[in-house]
Amino acid sequence: MTLTMGHVLALSAILFCLGLYNVMTRRNAVGILMGVEIILNAAGINFVGFSYFQNNFLPGQIFTLFLIVLAAAEAAVALAIVVAIYKRSQTIDVEEATLLKG
Amino acid sequence: MSLFLFIPIALFMIVSTCVVSFSRNLIYSAFALLGTLFGSAVLYGMLSADFVAVAQLLIYVGGILILILFAVMLTTGIADIKITNKSVYGKWALPVFFLLLFGLLSLLVGVDWPVAKEVTAQSMVRPIGHALLKEYLLPFEVISILLLGALVGAVVIVRREVR
């Protein structure tokens, strides 16, 4: 039994759906951010898997590196916004953060 | 790579991601996220992406996860589950979850993916270093500017006083 591309893609699809479920159901902003990280991670697994099974490692792995760096930047800014919202209104429930609603 | 190595890792990742998504306690979710990220680092290593695996460990596990834990502990009362992790719209999200999962899995079972005949694993540190400073130099510089901007922006947002 050898590993095929279907296995890697199936794992990444399951992770993506779990992350999307997390994003859909959570009200806590940090919880939603965790879901986004899982989704980005699933995309990275897809990139590495495709490039591995094409025996052309470089493009997929470089894109995954950029993906990791982008996720880091996104997490830093998003968590800063979450902390700022919490300082202002003492809650990070996304349904109560209606400051920009007008 | 044999399937017997892949399946335990995949099961570990799926179980810890389920804990992230379905746990009622945000601290448990944050710690279970460690399992997901660490498992995918191991998977990268097995798929001949050694440099990406180490970067995943350093940035995701060492950086983002610590940041998320800090955010959890700075913002909410940890002990109070009602505050930390209310879960809503489950009865709408669950059908969407299963439909999407079924759709994606049936899609990828039916397709005959183009696969190279033979995969030769090799160390990727030197090729990635050369590629980043040759053909991928522009995205490399752009992303460094983006990181600088994100860093300054995060500090500015958090430090602003509430009037």
Side-chain angles (χ1 to χ4, degrees), chain A residues 1-11 13-22 24-28 30-31 33-35 37-38 41 44-45 48-49 52-58 61-62 64-66 68-73 75-77 79-84 86-88 92-93, chain B residues 1-3 6 10 13-14 17-18 20-21 26 29 33 36-37 40 43-44 47-49 52 55-56 59-60 63-64 67-68 71-72 74-76 84-90 93 97 100-101 104-105 108-109 113 115-116 119 124 127-128 131 136 139 143 146-147 150 153-154 157-158 162:
Chain A
M1 288 287 277
T2 53
L3 182 73
T4 61
M5 190 141 85
H7 294 108
V8 177
L9 294 185
L11 173 66
I14 292 170
L15 290 188
F16 171 76
C17 290
L18 283 170
L20 197 66
Y21 178 83
N22 196 354
M24 284 191 289
T25 53
R26 286 284 143 94
R27 273 185 170 177
N28 189 319
V30 183
L33 197 73
M34 287 185 206
E37 299 293 340
I38 292 172
N41 210 42
I45 290 173
V48 171
Y52 177 77
F53 286 105
Q54 306 279 349
N55 201 14
N56 183 13
F57 298 157
L58 205 50
Q61 294 192 9
I62 296 232
T64 310
L65 276 178
F66 285 148
I68 291 172
V69 175
L70 278 179
V77 175
L79 290 174
I81 293 173
V82 166
V83 172
Y86 182 75
K87 272 203 295 193
R88 188 183 174 96
I92 52 169
D93 191 326
Chain B
M1 187 180 123
S2 98
L3 203 57
F6 174 77
M13 286 174 70
I14 290 169
T17 312
C18 282
V20 175
S21 289
L26 200 61
S29 291
L33 193 61
T36 307
L37 301 176
S40 60
L43 193 64
Y44 289 156
L47 290 177
S48 179
V52 181
Q56 167 97 0
I59 298 175
Y60 258 117
I64 296 178
L67 214 60
I68 285 178
V72 170
L74 276 177
T75 49
T76 47
T84 57
N85 226 359
K86 248 188 298 191
S87 173
V88 289
Y89 305 131
F97 168 70
L100 191 65
L101 189 62
L104 282 175
L105 289 182
L108 64 90
V109 162
W113 299 101
V115 169
V119 177
M124 288 305 289
I128 282 181
Y136 295 99
I143 212 162
L146 176 102
L147 265 184
I157 290 170
V158 168
V162 181

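Quick caveat, the model's predicted, so the values are computed rather than measured.
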Within this structure, what is the [atom1]-[atom2] distance for the pair [X] and [Y], rounded to the nearest 0.5 Å?
X      : Y       : atom1 : atom2 : answer
Y52(A) : L43(B)  : OH    : CG    : 10.5 Å
Q56(B) : I45(A)  : CD    : CD1   : 8.0 Å
L11(A) : T17(B)  : CG    : OG1   : 8.0 Å
N41(A) : Y44(B)  : CG    : OH    : 5.0 Å
N28(A) : L26(B)  : CG    : CG    : 5.0 Å
Y21(A) : L100(B) : OH    : CG    : 14.0 Å

- Report the C-alpha separation of F6(B) and V8(A) in whole Å, then their side-chain angles, then the decisive distance to 0.1 Å, and conclude whether the side chain to side chain contact (heavy atoms under 4.5 Å, CB included) test is met. CA-CA 9 Å; F6(B) 174 77; V8(A) 177; 4.2 Å; yes
By a 4.5 Å heavy-atom criterion (distance strictly below it), what part of [X] contacts chain B: side chain, backbone, both, or neither?
X      : answer
L18(A) : both
L79(A) : side chain
I62(A) : side chain
L9(A)  : both

- Is the closest side-chain heavy-atom distance between P139(B) and F66(A) below 4.5 Å?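 The answer is yes; the side chains approach within 4.5 Å.
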- Task: Side-chain contact test, heavy atoms from C-beta onward, threshold under 4.5 Å: evaluate it for F97(B) versus L20(A) and give yes or no.
- Result: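 Side-chain contact under 4.5 Å: no.
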Where does [X] contact chain A at under 4.5 Å (heavy atoms): side chain, backbone, both or neither?
X       : value
L101(B) : both
L104(B) : side chain
I14(B)  : both
L146(B) : side chain
L108(B) : side chain

Most heavy-atom pairs under 4.5 angstrom with chain B, which of [options]?
options                        : answer
V77(A), L70(A), I68(A)         : I68(A)
A10(A), G49(A), G35(A), G6(A)  : A10(A)
I38(A), L58(A), I81(A), V82(A) : L58(A)
N56(A), L33(A), L15(A)         : L15(A)

Where do [X] and [Y] come nearest, in terms of heavy atoms and distance?
X      : Y       : answer
A80(A) : A154(B) : CB-O, 3.6 Å
A76(A) : L67(B)  : CA-CD2, 3.7 Å
S29(B) : R26(A)  : OG-NH1, 3.7 Å

- Query: Under 3.5 Å, side chain of Q61(A) to main-chain N/O of S48(B), donor-acceptor pair present?
  - Reply: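 Checked: pair present.
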- Heavy-atom pairs under 4.5 Å with chain A are the metric here; pick the option from A10(B), G63(B), A55(B) that has the most.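 Top option by heavy-atom pairs under 4.5 Å: A10(B).
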- Item | Trace of the side chain to side chain contact (heavy atoms under 4.5 Å, CB included) decision for L37(B) with E37(A) | CA-CA 9 Å; L37(B) 301 176; E37(A) 299 293 340; 5.6 Å; no
